[in-house]
Amino acid sequence: MKTEILKMLRESGGYVSGQQLCEKLGVSRTAVWKVIGQLKEEGYHVEAVRNRGYRIVDSPDILTAEELKSLFHTKWAGQQVVCYKETDSTNIRAKVLGEDGAPHGTLVVADMQKSGKGRRGRAWESKPGISIYMTLLLRPDIPPVKAPMLTLVAACAAAEALKKCTGLDVQIKWPNDIVVHGKKLAGILTEMSTEIDYINYVVTGIGINVNTEQFSKEIENKATSLFLETGSTVKRALLIAEIVRAYEEYYAKFLETEDLSLLKEVYNERLVNRDREVRILGNDKTYTARALGITATGELIVRRQDGTEEKIYAGEVSV
Ligand code: BTN
């Protein structure tokens with residue numbers, strides 16, 4: 001009921017009478033009044049005016065299932081939301097949910113992670129209350145070899161949402177880092193459980209440095225946050241809602257062709273490596289080549305100094 005009340009207050013943009021809330025939700029005035037009290041306790045600024053009703057003036061920066069669901073307008077992404085005040089890793093939680101049969105689109109969000117995971121076995125700094133740690137559980141009916149492309153779909157969605165919510169000119173560093181002014185703002189980690197020819201589930205975890213004011217010594221030169229870039233704080237739930245919306249849209253495009261044909265342009269426009277030299281780690285030697293953009297299956301096309309072009313797979317390039 002809290003989600004519904006929040007949704008009604010948000011969508012009306014003005015006052016909603018107690019009567020309207022009771023009728024729509026089929027509950028008593030006392031029940032509505034109780035929920036309004038809970039919202040106030042959680043930090044929502046809800047104004048109550050006699051003869052007019054309730055109006056939401058401001059929301060706290062909290063990550064609860066009710067807050068998130070009241071902001072979602074999606075068909076499948078985030079229809080189930082599981083929120084943790086603290087957990088080991090949202091990817092680990094999503095995999096457990098995947099094993100337990102949770103539906104396609106289930107979203108796991110945490111306010112802090114104790115064992116946040118980055119790519120290549122690295123740790124992901126996951127302090128409480130300031131950043132986004134989210135994972136989407138997917139059950140795509142596609143061959144397992146195509147699943148890595150979902151990471152690039154997530155990169156497109158996160159980049160679009162970040163641009164929309166902050167105006168920042170975010171870019172994608174192939175294959176799936178989100179950077180701004182040359183520093184890393186967000187990372188994506190996709191893991192999956194498959195049979196030889198069948199995907200049980202895929203989990204795509206996205207970590208975004210949102211209101212971080214300071215990073216640890218080890219990463220302060222290469223990491224940045226929305227706060228450090230814009231000087232203002234961002235409400236995490238609004239950004240998550242935008243990512244989930246964009247993901248649903250881009251996922252539909254991906255499914256149409258089961259590749260990135262329809263997203264290639266969006267991706268390449270944001271590609272920070274485009275027309276820049278990248279280092280290719282070959283079997284016997286390392287060389288530099290000019291990055292041109294991605295193929296419809298997500299490999300990076302590079303042009304060598306002798307004019308020949310080749311496709312590079314993740315792991316073969318240091319940029
Ligand atoms: C990278 O190394 O760039 C990937 C970082 C991915 C971090 C996110 S935070 C949410 C999800 N849970 C994790 O443990 N990792 C991912």
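As the structure is a prediction and not an experimental result, all values here were calculated from the model. Atom set for the values below is all heavy atoms of this structure, side chains included, hydrogens, waters and symmetry mates excluded. When a ligand or atom number is given, it counts from 1 through the structure's own listing order.
Taking CZ of Phe215 as the start and OG1 of Thr224 as the end, the distance is 6.0 Å to the nearest 0.5 Å. Between the CD atom of Glu310 and the CG atom of Leu292 there is a distance of 11.0 Å, given to the nearest 0.5 Å. Within the model, atoms CD1 of Ile294 and CG of Asn273 stand 11.0 Å from one another, a figure rounded to the nearest 0.5 Å. Between atom NZ of residue Lys34 and atom CD1 of residue Ile5 there is a gap of 12.5 Å, rounded to the nearest 0.5 Å.
Short contacts between ligand 1 and Lys117, defined as distances under 4.0 Å to a heavy atom of the residue, involve ligand atoms 5 (C), 6 (C), 7 (C), 13 (C), 14 (O), 15 (N), 16 (C). Within ligand 1, counting atoms from 1 as listed, the ones closer than 4.0 Å to a heavy atom of Gly116 are 14 (O). In the vicinity of Thr135, heavy-atom distances shorter than 4.0 Å reach the ligand 1 atoms 11 (C). Residue-ligand proximity, Met134 to ligand 1, at heavy-atom distances under 4.0 Å covers atoms 10 (C). Counting the atoms of ligand 1 from 1 in the order shown, those under 4.0 Å from a heavy atom of Lys184 are 1 (C), 2 (O), 3 (O). Against a heavy-atom cut-off of under 4.0 Å, Ser89 is close to the following atoms of ligand 1: 12 (N), 13 (C), 14 (O). Close contacts of ligand 1 with Asp177, meaning ligand atoms under 4.0 Å from a residue heavy atom, involve 3 (O). Ligand 1 places these atoms under 4.0 Å from at least one heavy atom of Arg119: 1 (C), 2 (O), 4 (C).
Proximity of Ile188 to ligand 1, defined as any heavy-atom pair under 4.0 Å, is confined to the backbone N, CA, C and O atoms. Residue Asn176 does not touch ligand 1, judged by heavy-atom distances below 4.0 Å.
Residues that satisfy the ring-ring contact (aromatic ring centres under 6.0 Å, His included) test with Trp33, not counting sequence neighbours, are absent from this structure.
Looking at Ser115 next to ligand 1, no N or O pair under 3.5 Å apart turns up. Polar contact with ligand 1: absent for Trp124 (N/O pair, distance under 3.5 Å). For the pair Tyr133 and ligand 1, the shortest N or O to N or O distance does not fall below 3.5 Å.
Protein heavy atom nearest atom 8 (C) of ligand 1, with residue, atom name and distance: Gly207 N, 3.5 Å. Looking only at heavy atoms of the protein, atom 10 (C) of ligand 1 is closest to Thr90 OG1, 3.2 Å.
Distance alone, capped at 3.5 Å, places no donor-acceptor pair between the Asp197 side chain and the Pro143 backbone.
Remark: the Thr135 side chain and the Asn91 side chain contain an N/O donor-acceptor pair separated by less than 3.5 Å.
Between Trp76 and Tyr251, a ring centre-to-centre spacing shorter than 6.0 Å is recorded.
For the pair Arg139 and Tyr201, the NZ or CZ position fails the cation-pi test of under 6.0 Å to the six-membered ring centre and within 45 degrees of the ring normal.
The existence of a salt bridge linking Glu160 and Arg245 is confirmed by a sub-4.0 Å separation between a basic side-chain nitrogen and an acidic carboxylate oxygen.
Distances shorter than 4.0 angstrom do not occur between any heavy atom of Arg122 and any atom of ligand 1. In this structure, Arg120 falls outside the shell of residues with a heavy atom less than 4.0 angstrom from ligand 1.
Residues Val244 and Val203 are members of separate hydrophobic clusters, defined by side-chain heavy-atom contacts under 4.5 angstrom among Ile, Leu, Val, Met, Phe, Trp and Tyr.
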